[in-house]
Amino acid sequence: MILPLRLEALSYRHIILPVSLEIAAGPSTIILGANGAGKSVLMRLMHGLLEPTAGRVHWRESDLQRVRRSQAMVFQRPVMLRRSALENVAYALALAGVHGAERRRAALEALDSVGLAQLAAQPARTLSGGEQQRVALARAWALHPEVLFLDEPTANLDPGATREIERVIKAIDAAGTKVIMATHNLGQARRVGDEVLFLDQGRLVERSPVSDFFTRPASAEAAAFIKGELPWV
Amino acid sequence: MTAAARAALALIAGADPALAGIVALSLAVSLSAALFATVLGLPLGAAVAVGRFPGRRGVIVLLNALMGLPPVVVGLLVYLLLSRAGPLGAMGLLFTPGAMVIAQTILVLPILAALTRQAVEDAWAEYGEQLRSLGAHRLRAALTLLWDIRFSLVTAVLAGLGRALAEVGAVMIVGGNIDGVTRVMTTTIALETSKGDLPLALALGFVLIALVVAINAGVYLIKEAAQRRYG
């Protein structure tokens with residue numbers, strides 16, 4: 001177990017202002033905010049892709065190798081290698097030290113769980129955007145991470161593909177992986193999330209359960225954001 | 001002029017042995033140089049692309065500048081290295097095809113290294129976060145990127161080969177343009193033209209242009225096929 005994750009006075013230039021919080025295993029966490037609020041940067045700091053300017057990211061596990069191996073991330077734009085969908089998933093397993101027949105089996109199983117087993121042999125870059133994102137999810141899921149970071153995974157997708165991605169994310173959540181997802185889509189936050197971290201201009205303004213956040217936001221910024229995104233509410 | 005062209009075509013059609021020998025030596029020297037430059041230049045370019053070391057910017061500027069290295073200057077440097085009084089004079093390589101391979105390798109290496117560096121760096125910008133997220137260390141990531149951009153690299157290698165086949169200054173100086181030993185297409189064209197033997201010069205000119213066009217057609221087709229197949 002690498003969770004809980006603790007951020008201690010973490011900051012990054014002027015993009016993330018000092019934030020301290022703890023994220024425990026269990027229900028999924030949504031990082032919500034407008035474009036430029038710092039969602040992606042906060043997520044990259046947590047995942048270790050960026051070094052904080054000050055403060056630190058503290059996992060319960062002290063073995064850095066294990067911390068690395070126990071988390072995965074899916075990006076807004078899926079990055080597919082020029083090889084088949086199956087080999088894209090197998091590549092991640094190879095890096096994680098899975099070998100031989102087991103690697104192939106696990107990769108196929110992961111593709112099957114995102115509903116793409118029939119496209120396993122297809123070159124990944126020739127798949128549609130939604131399919132590529134599902135391959136990216138399969139690639140992350142195949143590693144059975146304890147924590148899965150998702151950075152606006154459906155921002156470039158149509159509603160049908162978005163529904164499919166959300167279905168997979170819920171399945172991953174149900175299978176016991178801690179989902180931490182950045183989005184600016186309120187509908188998605190409501191459909192997928194259990195608690196909301198609301199960011200505004202690099203500041204963590206509010207943290208509350210999804211239902212409370214939408215019905216009675218505690219901060220003026222959150223209220224304005226909800227009103228702006230859903231003017232008919 | 002038309003008589004010379006007709007005689008040139010007759011030489012090509014008849015597979016004139018002197019002509020064939022010159023073309024074969026040209027290909028052997030330039031293909032070897034392209035091969036050595038590939039073996040050295042691809043890892044070098046990839047290392048500069050993903051590596052973080054002091055003086056990296058200087059190396060990049062140098063590599064890019066060396067792409068435009070004048071062949072005669074390379075010829076002169078290799079000549080000084082290999083001449084009897086030079087540091088490598090004892091090897092007795094001057095005025096042999098070996099010396100020509102060395103000179104062309106030096107000429108092509110910066111081209112391959114610089115083009116590889118650019119291609120790998122672009123790919124790193126696209127894939128870097130994902131590969132780091134998956135836990136790939138730098139060497140593994142560099143190899144993954146090289147394989148992923150293999151079709152762009154083929155283009156770079158063929159560009160280097162074209163450059164080697166078409167240059168005249170370096171092989172002229174270090175090869176000496178010795179009949180039957182170090183005479184290649186470009187040096188023969190230069191010599192025969194000044195002697196007034198236009199048919200052989202023209203025939204070699206046709207072959208050289210055909211080769212360069214074929215190489216570029218190959219580049220285009222490979223790119224297109226790869227784009228269709230792998231996206």
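Order of the sequence lines fixes the chain letters, A, B, ..., with proteins taken first and strands second; residue numbering starts at 1 for each chain. It should be emphasised that the depicted structure is a prediction, and the values quoted were computed from it without experimental measurement.
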Please say whether more than 12 non-hydrogen atoms of neighbouring residues, nucleotides or ligands are located less than 6.0 Å from CZ in B:Arg138.
yes
Just wondering, more than 12 heavy atoms not from B:Phe36 lying within 6.0 Å of its CZ?
no
Has A:Arg167 got more than 12 heavy atoms of other residues, nucleotides or ligands less than 6.0 Å from its CZ?
yes
How about A:Glu22: does its CD atom have over 12 heavy atoms from other parts shown lying under 6.0 Å from it?
yes
Hey, could you give me the CG/OH distance between A:Leu81 and B:Tyr127, rounded to the nearest 0.5 Å?
6.0 Å
Verify side chain to side chain contact (heavy atoms under 4.5 Å, CB included) between B:Leu131 and A:Val79, making sure each step is shown before the conclusion.
CA-CA 9 Å; B:Leu131 293 181; A:Val79 180; over 6 Å; no
Are A:Thr126 and B:Gln227 side-chain neighbours, meaning at least one heavy-atom pair lies under 4.5 Å?
no
Would you compute the distance between atom OG of B:Ser133 and atom CG of A:Leu95 and round it to the nearest 0.5 angstrom?
10.5 Å
Would you indicate whether the side-chain heavy atoms of A:Arg83 and B:Trp147 approach each other to under 4.5 Å?
yes
Crowded around A:Arg66 CZ? As in, over 12 foreign heavy atoms under 6.0 Å?
no
Just wondering, are more than 12 heavy atoms of other shown residues or ligands nearer than 6.0 Å to CZ in A:Arg13?
no
Given side chains that start at C-beta, do those of B:Glu126 and A:Arg77 come closer than 4.5 Å, heavy atoms only?
yes
Relative to chain A, which segment of B:Arg228 carries a heavy atom at a distance below 4.5 Å: side chain, backbone, both, or neither?
backbone
Rounding to 0.5 Å, atoms CZ (B:Arg132) and NE2 (A:His47) come to a distance of 9.0 Å
If you count heavy atoms of other groups shown closer than 6.0 angstrom to OH of A:Tyr91, is the number above 12?
yes
Counting only heavy atoms not in A:Gln118, do more than 12 fall under 6.0 Å of its CD?
yes
Is A:Leu127 in contact with chain B via its backbone, its side chain, both, or neither, using a 4.5 Å heavy-atom distance?
neither
Quick one: does any side-chain atom of B:Asp148 pair with a main-chain N or O of A:Arg82 as donor and acceptor, under 3.5 Å?
yes
4.5 Å side-chain heavy-atom contact, A:Arg139 and B:Gln130
yes
